[in-house]
Amino acid sequence: MNAENLRALDRRHLWHPYAAASPSVTAHPVTRAKGVRLTLDDGRELIDGMSSWWAAIHGYGHPRLDAAVRDQLGDMAHVMFGGLTHEPAVRLARRLAEMTGLPKVFFADSGSVAVEVAIKMAFQCTGKSRLLTVKGGYHGDTFGAMSVCDPVNGMHHLFTGVLPVHVFADRPPGDYGLRPGTSRDSAEAVPDEGYLRHLEAMVERHAGELAAIIVEPVVQGAGGMRFYHPAYLRRLRELADEHGLLLIADEIATGLGRTGELFGCDHAGVRPDIMCVGKALTGGYLTMAAALCTDEVAERIGVLMHGPTFMANPLAAAVADASLSLLLERPWRDEVKCIEAGLGEGLASAAGAPGVRDVRVLGAIGVIETVDPVEVEKVQGIVMEHGVWLRPFGRLIYTMPPYCAGPGDLAAITEAMNAAVAALRS
Ligand SMILES: *Cc1c(COP(=O)(O)O)cnc(C)c1O
């Protein structure tokens, strides 16, 4: 299909995320993705600073992951999971159980569905149907997940009266992580005692009606790319235990090394009762997520009333297992540390620049928060001129590169971000 045709048909038929069906701007056709690079139809190569929304942690077209899909395809692409099982699912579940300490695994076909299942688990387990979360969160776009997204920025106004009303504590103070251009880092961050008291008061006030507390551990992702002190998560775990509530950790963005620990919960040394994983689970190859829980939760639930058609898809399970095996074999902790250092160095000059409110880095996540909302197309144009792919939103110009991004790639990404900052003034 020629490029012009492709663009026209895309505009004619396709919805893109959070967009009108006939958007004013057209999407860029990609013809190839290899390593950390995307190739566009006009031949341009872009360093991918987004990992396809946190997913492609090993980069694109990794030989081990390609082989895992191909080998599995030789046996079977899919079979139903009702009454049947298969080795890819069993292997992956065993590996996830070992990695998380949560032995019961429910496979879902997307992160949002995993969150729905986690919520369903909590409701079925406790017989209660209210949740406590914090403002500024993001948990997905389906209705149950949306109901615990930030009440102001999380689309609640579009669906008032349809979404269940849950309990929202204030947004955690976002003072964790590295502040480039200063010597401040996570080790020096001190939890805000006032905020800890607020969490205690909120849980105590509502404990009687609550099934669970649900949060993204340490990093609030799509709700604002903010990093909060692990002490808040630790206190939520204690409060959940004191009041007989479940703790649901949504690790869909934070899981699998992105924050510098294998899971966000590891920063706080806590184990949740229920955990969601997704995004990077298959290394960015296929859509798969999971909700995991303890034996106790599973026993209390009994029959869990959920069953996606494509549950535990063998192709996705096979590539997920290969991706986790690759992750655990490679020095991911050092790689993420190097990325953290590279982003810290590269973004230092943005700190204090006109139009910039905050610059922060944690693990393989680098964020420039601007004073005013960014013009997405303009910023995207600038970073693309610098040979980089980013997708800013709101007041955020941010990156979470593949773990295999080298020093040159990181320099290109941060230079592109700095160029976007320089253009804020004009
Ligand atoms: C992306 C995300 C989801 C939703 O996952 P999808 O696969 O897009 O449905 C849920 N929770 C968090 C924390 C996420 O970052």
Side-chain angles (χ1 to χ4, degrees), residues 15-19 50-57 100 106-122 131 133-150 153-156 163 166 171-172 174 212-228 233 236 247-259 261-265 267 272 274-292 306 308 310-313 316-317 319-320 323 362-365 367 391 393-394 396 398-400:
W15 294 92
H16 283 268
Y18 312 106
M50 299 300 289
S51 300
S52 284
W53 277 337
W54 314 79
I57 52 175
T100 61
F106 187 102
F107 286 117
D109 29 25
S110 75
S112 299
V113 173
V115 171
E116 298 291 329
V117 170
I119 293 173
K120 216 182 236 190
M121 282 177 171
L131 302 166
T133 186
V134 293
K135 292 177 185 168
Y138 177 78
H139 295 281
D141 293 344
T142 52
F143 279 86
M146 254 197 308
S147 71
V148 283
C149 290
D150 184 81
N153 299 319
M155 302 183 276
H156 288 211
L163 291 178
H166 295 304
R171 189 167 76 170
I213 299 169
I214 178 168
V215 289
E216 296 157 275
V218 180
V219 174
Q220 294 190 291
M225 304 296 294
R226 292 165 61 89
F227 315 141
Y228 66 83
L233 184 61
L236 287 174
L247 178 65
I248 305 174
D250 180 350
E251 296 265 14
I252 290 168
T254 47
L256 308 176
R258 179 58 64 180
T259 67
E261 295 286 345
L262 197 51
F263 293 100
C265 282
H267 289 271
I274 301 172
M275 182 193 284
C276 301
V277 292
K279 287 202 162 95
L281 180 61
T282 64
Y285 270 59
L286 285 157
T287 175
M288 175 178 251
L292 298 96
H306 212 95
F310 286 96
M311 189 169 180
N313 174 258
V319 74
S323 177
L362 183 69
I365 310 170
V367 182
R391 183 84 185 148
F393 73 90
L396 301 168
Y398 68 108
T399 181
M400 52 267 182

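Quantities reported herein were computed from a predicted structural model and do not represent experimental measurements. Whatever order the structure lists them in is the order used to number ligands and atoms, beginning at 1.
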Quick one: CG on Asp109 to CG on Leu286, what's the gap to the nearest 0.5 Å?
->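 It is 12.0 Å, given to the nearest 0.5 Å.
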When rounded to the nearest 0.5 Å, the distance separating NZ of Lys279 from CH2 of Trp53 is 8.5 Å
Qualifying residues under ring-ring contact (aromatic ring centres under 6.0 Å, His included), relative to His306, sequence neighbours excluded |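 Applying ring-ring contact (aromatic ring centres under 6.0 Å, His included) to His306 gives Phe106.
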Report the residues that fulfil side-chain hydrogen bond (donor to acceptor under 3.5 Å, both in side chains) with Ser147, sequence neighbours left out, ordered by chain and then residue number.
-> His166
side-chain hydrogen bond (donor to acceptor under 3.5 Å, both in side chains) contacts touching residues 218-228 (sequence neighbours left out) =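 Non-adjacent pairs meeting side-chain hydrogen bond (donor to acceptor under 3.5 Å, both in side chains): zero.
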Can you tell me which residues line ligand 1 if we count any heavy atom under 4.0 angstrom from one of its atoms, in chain and number order?
->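 Contacting ligand 1 under 4.0 Å are Ser110, Gly111, Ser112, Tyr138, His139, Gly140, Glu216, Asp250, Ile252, Ala253, Lys279.
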Option passing ring pair (Phe, Tyr, Trp, His ring centres under 6.0 Å) with Tyr398 (candidates Phe227, Trp54, Phe393) =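 Testing Tyr398 for a ring pair (Phe, Tyr, Trp, His ring centres under 6.0 Å) against Phe227, Trp54, Phe393 leaves exactly one candidate, Phe393.
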